[in-house]
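Down below is the structure, laid out as structure tokens.
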Amino acid sequence: MFGCLVAGRLVQAAPQQVAEDKFVFDLPDYENINHVVVFMLGTIPFPEGMGGSVYFCYPDQSGMAVWQLLGFVTNEKPSAIFKISGLKSGKGSQHPFGAMNLPQTPTVAQIGISVELLDSLAQQTPVASAAVSSVDSFTEFTQKMLDNFYNFASSFAVTQAQMTPNPSEAFIPANVVLKW
């Protein structure tokens, strides 16, 4: 039903089922992971009105499991990218995995998925630093496109002494483009 992907590693498509509605993926060598992608495989949808809360679990200095809510996946939002590199020193949050004694080793973290009602998913607050980007993709694209345009136009810049008069060409000062 779920998959987990870390850049440079094989896709994990077979989570450990630790309860009827709870699944975990092991993340060995988690200190070297920046982002994790959690996705639905497309073979089995969530039951009507259900979705999956996604948690990150890592061992603290004493070896105790620290769980943090990253976000969720649903039939309407079947995949998500989470930044976990900044979470390894944060505080834990409430989670549905507490009563389970999941094995913890110092170099292995876990991604947990808990199947829950959509209403309860909407009331949960993920840890703020797990979001990959708070800027919508169109705004981000526009900013990058304009930066690229300015860099391209600047590569043709010449000083006034280097300019040769040509009545058929128009020159736009670079500071005008930058001000815009």
Side-chain angles (χ1 to χ4, degrees), residues 1-47 50-118 120-141 143-144:
M1 181 172 191
F2 304 108
C4 179
L5 176 65
V6 174
R9 299 185 186 185
L10 293 173
V11 173
Q12 295 185 48
Q16 231 183 326
Q17 188 168 1
V18 294
E20 183 180 338
D21 59 348
K22 300 194 181 16
F23 305 85
V24 295
F25 292 99
D26 287 339
L27 299 176
D29 193 26
Y30 75 96
E31 291 93 354
N32 295 316
I33 298 174
N34 290 322
H35 295 83
V36 173
V37 180
V38 175
F39 57 94
M40 296 178 63
L41 297 175
T43 55
I44 303 171
F46 282 110
M50 303 294 279
S53 293
V54 179
Y55 293 86
F56 174 62
C57 174
Y58 65 94
D60 64 8
Q61 286 89 358
S62 64
M64 297 298 297
V66 178
W67 290 88
Q68 295 178 325
L69 177 64
L70 300 178
F72 60 91
V73 290
T74 64
N75 291 335
E76 290 75 33
K77 182 185 172 232
S79 65
I81 302 172
F82 302 107
K83 181 178 179 183
I84 64 169
S85 58
L87 302 178
K88 297 162 193 150
S89 61
K91 293 182 179 180
S93 61
Q94 289 187 336
H95 59 87
F97 296 90
M100 293 173 228
N101 290 326
L102 299 175
Q104 290 294 311
T105 60
T107 60
V108 177
Q110 292 176 319
I111 292 292
I113 302 171
S114 175
V115 179
E116 301 173 11
L117 292 171
L118 290 176
S120 68
L121 291 179
Q123 297 172 2
Q124 297 174 355
T125 305
V127 64
S129 56
V132 174
S133 176
S134 60
V135 178
D136 71 19
S137 60
F138 181 74
T139 303
E140 187 175 2
F141 168 77
Q143 288 172 337
K144 288 182 179 183

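Source: prediction; values computed, not measured.
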How many angstroms lie between [atom1] in [X] and [atom2] in [Y], if you round to the nearest 0.5 Å?
X: Gln17; Y: Phe23; atom1: CD; atom2: CZ; value: 4.0 Å
X: Leu5; Y: Gln12; atom1: CG; atom2: CD; value: 9.0 Å
X: Phe56; Y: Tyr30; atom1: CZ; atom2: OH; value: 6.5 Å
X: Asp21; Y: Ser114; atom1: CG; atom2: OG; value: 5.0 Å
X: Leu70; Y: Gln68; atom1: CG; atom2: CD; value: 7.5 Å
X: Phe82; Y: His35; atom1: CZ; atom2: NE2; value: 11.5 Å

Worksheet item: Who are the side chain to side chain contact (heavy atoms under 4.5 Å, CB included) partners of Ser79, not counting sequence neighbours?
Response: Phe39

Practice prompt. Can you sort out the partners of Phe46 under side chain to side chain contact (heavy atoms under 4.5 Å, CB included), two or more places apart, ordered by chain and number?
Written response: Met1, Phe2, Met40, Met50, Val73, Asn75, Val115

Item to complete: Quick one: list whatever passes side-chain hydrogen bond (donor to acceptor under 3.5 Å, both in side chains) with Asp29, sequence neighbours left out.
Response: Asn32

Fill in: Contacts of Gln124 that satisfy side-chain hydrogen bond (donor to acceptor under 3.5 Å, both in side chains) - sequence neighbours left out
Ser53, Glu116

Between [X] and [Y], is any pair of side-chain heavy atoms under 4.5 Å apart?
X: Val127; Y: Leu69; answer: no
X: Thr74; Y: Leu118; answer: yes
X: Gln110; Y: Trp67; answer: yes

Practice prompt. Would you check, one step at a time, whether the test side chain to side chain contact (heavy atoms under 4.5 Å, CB included) holds for Ile84 with Asn34?
Written response: CA-CA 6 Å; Ile84 64 169; Asn34 290 322; over 6 Å; no

Worksheet item: Can you name the one residue among Val37, Val24, Leu27 that meets side-chain contact (heavy atoms from CB on, under 4.5 Å) with Cys4?
Response: Leu27

